[in-house]
Trainee: 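The structure under discussion is supplied below as structure tokens; questions concerning it will follow.
Model, not experiment: these values are computed from the prediction.
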Amino acid sequence: MAHAHHSHHPHQDHHHGDDADWGAMAAMLETEAEVTAPAYSQVLAWLGEEVTEPGLVVDAGSGPGVISGLLAEAFPGARVVAADGSEPLLERARARADRLGHGDRFGTLAGDLPGVLRELEYPADLLWASRSVHHLGDQRAALTAFAERLAPGGTLAVLEGGLAPRFLPRDIGFGRPGLQARIDAVQEDRFARMRAELPDAVAETEDWPALLAAAGLKHTGTRSFLLDLPAPVPDRVRAHVVTVLTRTRDVHADALDADDRATLDRLLDPADGRSVHHRPDVFVLAAHTVHRAVRPR
């Protein structure tokens, strides 16, 4: 299975590791993208200022195709191709496209990035890579390969970085304050190990505008977009927070101390009135950073 799949925050564990079962996690990936859709809509409006009437839009590392659908909606005259290493996720992407009514201008490519993009029938006017580049060992080479699949004047948009999401106040009334900051530190360590263990891994300073320039592109802007879902959140958002924190506990239990594990257990206990199942102060706040660059004509 490829290392590049669409996912929505670089510090959340569900996109780390070569053995991730992306098909099994499809529902979680879909929900995460749908919860984040307000921020993605802002991103696409910004990209639309530069990309007008594209013929081909490619979602590189599309996962189950939620953003592919948003791309199809934002660019109604474009053909959209979702590329990913997981065929089960692409099946869901095709089903979503049919359900949303743009299946007639939607296609998929199954295979490892960036090589699978050589199968595109013609160059892309917009190539979108949302947190897929960091799953590739040689990120500089990957960006160069992406750039080669752009039409002259085409845009590459890379979503990498930003700020990790927050779901709870710093002090939740029990346990040691600052739980999410400590989880961030654990996830950063795991992310670094994931990067180091990738095939052909190359350590790289994460100066994305400079990397895009090294790929032969002209950097035309970087912006961060806020996802701000204040308390009280809808039930679907609350359920997503439960899912994310459950996976956090399951994956990072050994790296957290006993007090933080106990705090997470209590937060995830539906019988506890102060758990995330019932708390009125659950929210979602995150920042998503997008770097935009153009292939010279």
Side-chain angles (χ1 to χ4, degrees), residues 1-18 20 22 29 32-33 36 39-40 43 47 57-63 66-68 71 81-86 89 109 111-118 120 124 126-150 154-164 187-188 190-225 287-295:
M1 187 167 293
H3 303 298
H5 302 266
H6 181 72
S7 46
H8 305 279
H9 203 280
H11 307 299
Q12 300 227 24
D13 179 78
H14 55 262
H15 0 127
H16 300 167
D18 302 354
W22 297 99
L29 294 173
E32 186 178 32
T36 313
Y40 291 131
V43 174
L47 293 179
V57 174
V58 177
D59 185 354
S62 65
V66 176
I67 297 187
S68 302
L71 288 163
V81 172
D84 200 274
S86 168
L89 294 181
L109 287 176
D112 289 345
L113 293 171
V116 70
L117 298 182
R118 289 194 291 267
L120 292 171
L126 171 62
L127 198 156
W128 165 263
S130 175
R131 298 189 173 118
S132 55
V133 178
H134 71 240
H135 288 287
L136 302 172
D138 190 336
Q139 297 172 107
R140 183 181 296 254
L143 291 174
T144 299
F146 286 175
E148 291 171 351
R149 301 311 302 152
L150 289 174
T155 292
L156 173 60
V158 176
L159 193 161
E160 291 285 353
L163 297 175
Q187 290 177 331
E188 288 285 1
R190 186 176 175 88
F191 182 82
R193 291 196 302 274
M194 181 278 293
R195 284 281 318 144
E197 293 168 2
L198 287 173
D200 304 317
V202 177
E204 198 75 69
T205 299
E206 293 176 356
D207 181 346
W208 295 102
L211 289 170
L212 290 165
L217 302 176
K218 179 184 177 183
H219 177 242
T220 59
T222 291
R223 277 191 58 186
S224 293
F225 300 85
H288 303 263
T289 301
V290 180
H291 311 276
R292 189 177 69 183
V294 171
R295 179 174 180 175

Trainee: Checking side-chain contact (heavy atoms from CB on, under 4.5 Å) against Ser224, which of Val290, Thr289, Val43, Leu163 comes through?
Mentor: Thr289

Trainee: Any donor and acceptor pair, going by atom type alone, linking the side chain of Asp59 with main-chain N or O of Ser68 inside 3.5 Å?
Mentor: yes

Trainee: Can you confirm whether Tyr40 sits close enough to Val66 that some side-chain heavy atom of one is under 4.5 Å from a side-chain heavy atom of the other?
Mentor: no

Trainee: Are side-chain heavy atoms of Phe146 and Val158 found at a separation under 4.5 Å?
Mentor: no

Trainee: Measuring from atom NE2 of His134 to atom CE of Met194, what distance do you get when rounded to the nearest 0.5 angstrom?
Mentor: 4.5 Å

Trainee: Output the distance between atom CZ (Arg223) and atom CG (Leu47), rounded to the nearest 0.5 Å.
Mentor: 10.0 Å

Trainee: So does Leu136 get a backbone contact from the side chain of Arg195, meaning a donor-acceptor N/O pair under 3.5 Å?
Mentor: yes

Trainee: Can you see which heavy atom on Ala60 is nearest to which on Leu113, and at what distance?
Mentor: C-CD1, 3.7 Å

Trainee: Would you kindly say whether Glu160 and His291 are connected by a side-chain donor-acceptor distance under 3.5 Å?
Mentor: no

Trainee: Report yes or no: does Arg131 contribute a side-chain atom to a donor-acceptor pair with the main-chain N or O of Gly161 at less than 3.5 Å?
Mentor: yes

Trainee: Which value, rounded to the nearest 0.5 Å, describes the distance between Leu29 atom CG and Ser62 atom OG?
Mentor: 10.5 Å

Trainee: Between Arg292 and Gly221, is there a donor-acceptor pair closer than 3.5 Å when you use the side chain of the first and the backbone of the second?
Mentor: no

Trainee: So, do Glu148 and Arg118 sit near enough that their side-chain heavy atoms are less than 4.5 Å apart?
Mentor: no

Trainee: Supply the atom-to-atom distance Arg193 CZ to Leu198 CG, rounded to the nearest 0.5 angstrom.
Mentor: 13.0 Å

Trainee: Go through Leu117 and Leu127 one step at a time and tell me if the side chain to side chain contact (heavy atoms under 4.5 Å, CB included) criterion holds.
Mentor: CA-CA 10 Å; Leu117 298 182; Leu127 198 156; 3.9 Å; yes

Trainee: Could you give the distance from OG1 (Thr144) to CG (Leu217), rounded to the nearest 0.5 Å?
Mentor: 8.0 Å

Trainee: Show your reasoning for whether side chain to side chain contact (heavy atoms under 4.5 Å, CB included) applies to Ile67 and Trp128.
Mentor: CA-CA 9 Å; Ile67 297 187; Trp128 165 263; 3.5 Å; yes

Trainee: Side chains of His288 and Thr36, heavy atoms from C-beta outward: is any pair under 4.5 Å?
Mentor: yes

Trainee: To the nearest 0.5 angstrom, please state how far the CG atom of Leu211 sits from the NE2 atom of His219.
Mentor: 11.0 Å

Trainee: If I compare all heavy atoms of Ala129 with all of Val133, which pair ends up nearest, and what's the gap?
Mentor: CB-CG2, 4.1 Å

